[in-house]
There are 2 protein chains.
Amino acid sequence: MVDEGVARDPWSGPPAVAPAVSGPDDARLDAAPAETPRPAIDIRAILFTVADGALLVALGRRDVGWGLPRGDPSPLDTLDASARRIVREGTGLQEQYLEQLYTLSVRETPDWTIIVGYMALVCSGAAPPPPQAGTWHDVTTLPPLSHADQMVIDYALVRLRAKLGYTNVAFHLLPQTFTLSELQGAYETILSRRLDKRNFRRRVIASGILSPTSEKRRDGSHRPAVLYRFRANEDHETHLTPPWAEGT
Amino acid sequence: MVDEGVARDPWSGPPAVAPAVSGPDDARLDAAPAETPRPAIDIRAILFTVADGALLVALGRRDVGWGLPRGDPSPLDTLDASARRIVREGTGLQEQYLEQLYTLSVRETPDWTIIVGYMALVCSGAAPPPPQAGTWHDVTTLPPLSHADQMVIDYALVRLRAKLGYTNVAFHLLPQTFTLSELQGAYETILSRRLDKRNFRRRVIASGILSPTSEKRRDGSHRPAVLYRFRANEDHETHLTPPWAEGT
DNA sequence: GCAAAAGTGTTGTGTATACACCCATGG
DNA sequence: CCATGGGTGTATACACAACACTTTTGC
């Protein structure tokens, strides 16, 4: 374990300020040996979408190979807002759903970096136009990525799959109106296993989060499917997302 | 929404480095107006324990009022390791369980700070010696706290209560051996509602995570209770905690 | 009329809940 | 012998999984 010369009294007042920015009123740290520099903060976002049976991830070209969209947080915004901006800038896509994943400390470049991972979902309707300067990659056949990017993706997959079970996240991957088969297809794609049609429909109807529209989709030589809409009411994502709106 | 003058290309290579530390090879940002300084990083830990029917939180005296234990991350450690160190330094307690909660960006002091929230559990046996320079506070009657501290606590409570349902976290709040009534008491304290004794015992026994010891606890004029031990085997915390060990 | 996807019910099995009494001990 | 908490079983409701056929349409 590292020596604790850099530690600050855990019960002390406002956090100490690193030398580059610290004012002169910061007496506690004068004697600290080789004062710790502040790390860089890096928001990384993983964007998921589904398209014809595949779960896709947005990756952009990097100096070497590929990588997740990333960017710096803005001091005036919440982290969530910064993440939203990064998604928008990096992909031109308006995400439907955004969730903070995990924060980790890495040294992948010579510099010390704190990475805040975010997961975003965009609906498959908006997906076909691939993100500017980037491309959609099938999550099952990703190019080699940095260790940190890989960790963010692995974790996002675990979280996304788990959340399918007890939330309605999947709706954020679909366009405004959709058929029940499309919804089931999204579930099956993400979980990579087949689901029973009748049980699936019963559950999702019983949950009451869908309202049927009067329209139908006729897209082949078969019976047309009723289009449903997601009842935007209260989107019980609650579980893992903080109950408060992040803010200052 | 903030203007995007400070933004960096989300598809670019390694993260840009703030001026204080940046090398000369960082051409992309030369023209950026009023380059953003790096925020301070602040780890905040909420420590829970249970003692005679109350859920307690460790708070320390601060310049004004009370606050959660806090500290800087160390560049050489994972965030988890830094959080562990902060808990240890601030309270003298060896936590049994540590979990990252959420990261947020605040401006509670004039400085811009990124707060990484952690939750730690310590067993009620170790609790009575109150943390050095701090005190245990009943979670239902906390003193006024900073907005950020309050958010961390609120979120930790939600997470802790939710996790009681599908993990074994509660065991980390109890000493090595304990009676089923003590375990049930911990659940009831955290959830603040009564549970059915028979159903509780059936569930917890059926789950197979307890092994009875040969000892009994006789602590009153009534039948002695069998002491159980937590089978440390595989502690299925899995769900929300990243499957990877955080690292560089 | 046939291919192709939409739509629809029942049954069994396991899991969670509600509920009340006897047991062992110390004083 | 009595007060105190430890310990036990059953009946019911509900959630979930397995399973196959009819309907509507385009060609």
Side-chain angles (χ1 to χ4, degrees), chain A residues 50-53 124 161-168 170 174-175 177-189 191-229 236 239, chain B residues 50-53 124 161-168 170 174-175 177-189 191-229 236 239:
Chain A
V50 285
D52 39 59
S124 50
R161 291 200 173 119
K163 280 200 134 175
L164 281 190
Y166 56 91
T167 69
N168 304 323
L174 295 174
T177 64
F178 49 86
T179 68
L180 290 184
S181 296
E182 287 168 345
L183 179 58
Q184 180 175 348
Y187 271 78
E188 290 178 338
T189 298
L191 298 173
S192 50
R193 66 191 169 89
R194 308 272 307 153
L195 301 174
D196 180 87
K197 200 198 322 190
R198 285 169 289 189
N199 292 335
F200 181 83
R201 291 162 110 92
R202 182 181 16 259
R203 261 221 310 257
V204 78
I205 295 295
S207 79
I209 40 175
L210 294 189
S211 29
T213 69
S214 50
E215 295 148 288
K216 304 195 176 214
R217 164 167 309 160
R218 59 218 170 302
D219 68 338
S221 52
H222 53 81
R223 180 171 173 175
V226 172
L227 288 172
Y228 286 81
R229 181 190 313 281
H236 299 283
H239 252 292
Chain B
V50 284
D52 39 58
S124 51
R161 290 201 174 118
K163 280 201 133 176
L164 280 190
Y166 56 91
T167 70
N168 304 324
L174 294 173
T177 63
F178 49 86
T179 69
L180 290 184
S181 296
E182 287 167 345
L183 179 58
Q184 182 176 346
Y187 272 78
E188 290 177 338
T189 297
L191 298 173
S192 52
R193 65 190 170 91
R194 306 275 305 155
L195 301 174
D196 181 85
K197 199 196 325 188
R198 284 170 290 188
N199 292 335
F200 180 83
R201 290 162 111 92
R202 181 182 16 258
R203 262 221 310 254
V204 79
I205 295 297
S207 80
I209 40 175
L210 293 190
S211 28
T213 68
S214 50
E215 295 147 287
K216 304 195 175 209
R217 167 165 307 160
R218 59 211 171 305
D219 69 337
S221 52
H222 54 81
R223 180 170 174 175
V226 173
L227 287 173
Y228 287 81
R229 181 189 315 279
H236 300 282
H239 252 291

Problem set entry | Five-pair end axes of the helix from C:dG1-D:dC27 to C:dG27-D:dC1, angle between them (10°) | 10°
Gap between atoms [atom1] and [atom2], on [X] and [N] respectively (whole Å):
{"X": "B:Lys216", "N": "D:dG5", "atom1": "NZ", "atom2": "P", "answer": "18 Å"}
{"X": "B:Leu227", "N": "D:dG6", "atom1": "CG", "atom2": "C1'", "answer": "12 Å"}
{"X": "B:Glu182", "N": "D:dG5", "atom1": "CD", "atom2": "C1'", "answer": "12 Å"}
{"X": "B:Gln184", "N": "D:dG5", "atom1": "CD", "atom2": "P", "answer": "13 Å"}
{"X": "B:Arg203", "N": "D:dT8", "atom1": "CZ", "atom2": "C1'", "answer": "17 Å"}
{"X": "A:Arg202", "N": "D:dA15", "atom1": "CZ", "atom2": "C1'", "answer": "10 Å"}
{"X": "B:Asp219", "N": "D:dG7", "atom1": "CG", "atom2": "P", "answer": "11 Å"}
{"X": "A:Arg223", "N": "D:dT24", "atom1": "CZ", "atom2": "C1'", "answer": "5 Å"}

For this session: Using the test salt bridge (charged side-chain N to carboxylate O under 4.0 Å, His left out), find all partners of B:Arg194 that sit at least two apart in sequence or belong to another chain.
Result: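 B:Glu188.
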Minimal non-hydrogen separation, [X] against [Y], with atom names:
{"X": "A:Asp196", "Y": "A:Arg198", "answer": "OD2-N, 3.0 Å"}
{"X": "A:Val226", "Y": "A:Tyr228", "answer": "O-CD1, 3.5 Å"}
{"X": "B:Leu183", "Y": "B:Ala170", "answer": "CD1-CB, 4.4 Å"}

Problem set entry | Nucleotides bounding contact with chain A, strand DNA chain C, heavy-atom threshold 4.0 Å |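 In short, chain A contacts DNA chain C from C:dA3 to C:dT10.
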For this session: Could you identify which residues of residues 191-199 of chain B place a heavy atom less than 4.0 Å from some atom of DNA chain C, listed by residue number, or say none?
Result: B:Asp196, B:Arg198, B:Asn199
For this session: Using a heavy-atom cut-off of under 4.0 Å over every strand shown, decide if B:Ser181 touches base, sugar-phosphate, or nothing.
Result: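 Contact class for B:Ser181: sugar-phosphate only.
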Exercise. Mapping A:Ser221 and A:Thr179 to their closest nucleotides on DNA chain C, which lands nearer the 5' end?
Worked result: A:Ser221
Seminar exercise, completed: Residue pairs passing the side chain to side chain donor-acceptor pair (under 3.5 Å) test with at least one member in residues 215-227 of chain B, sequence neighbours excluded, are B:Glu182-B:Arg217, B:Asp219-B:His222
Side-chain donor-acceptor pairs of residues 202-210 of chain A under 3.5 Å, sequence neighbours excluded:
| from | atom 1 | to | atom 2 | distance (Å) |
| --- | --- | --- | --- | --- |
| A:Arg202 | NH2 | A:Asn199 | OD1 | 2.5 |
| A:Ser207 | OG | A:Val204 | O | 2.8 |

Problem set entry | Distance (rounded to the nearest 0.5 Å) between A:Leu174 CG and A:Arg229 CZ | 13.5 Å
